[in-house]
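Step one of this worksheet: look at the structure below.
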Amino acid sequence: MVTGAGRGIGRAIAARMAADGARVVVNDVNADAVTAVAAEIGAHAVPGNAASAEGAAALVSAATGHLGAIDTWFGNAGISRFAGLDTPDEDWADVLDVNVLAHVRAARLLVPDWLERGGGRYVVTASAAGLLTMLGDASYSVSKHGAVGFAEWLSATYRHRGIVVQAICPQGVKTDMLSGSGPLTGLLSHDTALEPADVAEAAWRAQADERFLILPHPEVAGYYAGRASDPDRWLAGMNKLQRRLEEGGLT
């Protein structure tokens with residue numbers, strides 16, 4: 001099951017899993033896009049809002065009805081607003097709903113069945129922003145930290161009962177989100193902007209083991225370690241990048 005599969009990373013993940021022989025259900029709020037993806041890759045489309053409690057329940061029910069059981073869930077849907085302290089409350093609510101609570105709502109429905117069956121796999125598309133931060137986008141940064149935090153909790157709580165939890169944390173990926181990031185495009189592409197298919201390939205390879213972090217950009221591991229070992233130095237470096245952004249110096 002792949003949410004946010006109408007384009008970008010979600011579409012690429014669904015296509016890669018289908019190419020490997022998996023039976024795939026795809027979901028997106030854009031019904032035309034996800035229906036076209038399903039027809040293209042031989043998947044089953046269930047359009048709708050996977051973030052709301054009602055939408056998550058309808059999606060899990062439809063996917064289970066089609067597949068018989070859901071073995072792997074890719075919670076890929078995500079949104080951004082590219083704003084700071086001026087982000088309105090309603091935008092905060094939308095971003096947290098899609099980027100965090102959608103994972104909680106899906107897990108509530110999936111985990112009881114997985115515990116009965118002895119296992120399942122939940123994969124969160126988080127972002128390097130969930131391990132580091134996202135300059136210029138407060139709600140995205142906070143929500144992706146929340147997504148990683150929930151995935152960590154889920155793994156710590158259920159891994160001994162056969163539930164594998166993984167978090168995909170890329171930097172820049174050539175999607176509509178990257179192309180709409182304005183002055184942040186250069187920063188997000190610093191270590192090379194990957195194709196969605198590259199991220200999907202990393203996700204596919206990671207199905208062979210139980211590693212928690214899936215890092216399509218391997219450089220992120222070093223940044224994450226540096227952040228943990230010396231937070232003040234890391235924050236000073238991020239602030240330096242912020243000042244360059246304000247001066248228009250990042251390309």
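Worth knowing before you read on, the calculation uses all heavy atoms, side chains too, and leaves out hydrogens, waters and symmetry mates.
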Look at the side chain of [X] and the backbone N and O of [Y], then say whether any donor-acceptor pair between them is shorter than 3.5 Å.
| X | Y | answer |
| --- | --- | --- |
| N27 | A5 | no |
| H44 | V26 | no |
| T157 | L154 | no |
| T3 | A77 | yes |
| H103 | V148 | no |
| D198 | E195 | yes |
| N76 | T125 | no |

Heavy-atom neighbours of R117 CZ exceed 12 at 6.0 Å: yes
Rounded to the nearest 0.5 Å, how far apart are [atom1] of [X] and [atom2] of [Y]?
| X | Y | atom1 | atom2 | result |
| --- | --- | --- | --- | --- |
| I168 | L213 | CD1 | CG | 11.0 Å |
| S139 | F82 | OG | CZ | 9.5 Å |
| H145 | L131 | NE2 | CG | 7.5 Å |
| R161 | L115 | CZ | CG | 4.5 Å |
| D94 | D89 | CG | CG | 11.0 Å |
| T133 | W234 | OG1 | CH2 | 5.0 Å |

Salt bridge (Lys or Arg N to Asp or Glu O under 4.0 Å) evaluation trace for R11 with D28: CA-CA 10 Å; R11 178 192 177 282; D28 201 281; over 6 Å; no
Would you say [Y] ends up clustered with [X] if hydrophobic residues are merged whenever their side chains have heavy atoms under 4.5 Å apart, either directly or through other cluster members?
| X | Y | answer |
| --- | --- | --- |
| V164 | V104 | no |
| I163 | L109 | yes |
| L132 | V100 | no |
| Y158 | L110 | yes |

Test side chain to side chain contact (heavy atoms under 4.5 Å, CB included) applied to W92 and V142, step by step: CA-CA 10 Å; W92 272 99; V142 170; 3.9 Å; yes
Chi angles and distances behind the side chain to side chain contact (heavy atoms under 4.5 Å, CB included) call for Y224, C169: CA-CA 11 Å; Y224 189 40; C169 297; over 6 Å; no
Under the salt bridge (charged side-chain N to carboxylate O under 4.0 Å, His left out) test, which residues partner [X], sequence neighbours left out?
| X | result |
| --- | --- |
| D91 | R81 |
| D209 | R211 |
| D97 | R105 |

Of all heavy-atom pairs between [X] and [Y], which one has the smallest distance, and what is that distance?
| X | Y | answer |
| --- | --- | --- |
| Y122 | A106 | OH-CB, 3.7 Å |
| V98 | G78 | CG1-CA, 3.8 Å |
| A107 | F150 | CB-CZ, 3.8 Å |
| H217 | T192 | NE2-O, 2.7 Å |
| A236 | R243 | O-NH2, 4.5 Å |
| P170 | I9 | CG-CD1, 4.5 Å |

Verdict with reasoning, Q171 to Y223, per side chain to side chain contact (heavy atoms under 4.5 Å, CB included): CA-CA 11 Å; Q171 290 193 102; Y223 302 151; 4.0 Å; yes
For residues 199-208, dump all side-chain donor-acceptor pairs below 3.5 Å to protein atoms at least two apart in sequence or in another chain.
unit_1	atom_1	unit_2	atom_2	d
E201	OE1	R16	NE	2.8
W204	NE1	D20	OD2	3.1
Q207	OE1	R121	NE	3.2
Q207	NE2	A203	O	2.9

4.5 Å side-chain heavy-atom contact, R159 and V165: no
Candidate pair W73 and W114, rule side chain to side chain contact (heavy atoms under 4.5 Å, CB included), full reasoning: CA-CA 11 Å; W73 180 279; W114 286 346; 4.2 Å; yes
Residues 45-70, side-chain donor-acceptor partners within the protein, below 3.5 Å, at least two apart:
unit_1	atom_1	unit_2	atom_2	d
N49	OD1	A51	N	2.9
S52	OG	G55	N	2.8
T64	OG1	V60	O	2.7

Contacts of T72 that satisfy side-chain hydrogen bond (donor to acceptor under 3.5 Å, both in side chains) - sequence neighbours left out: none
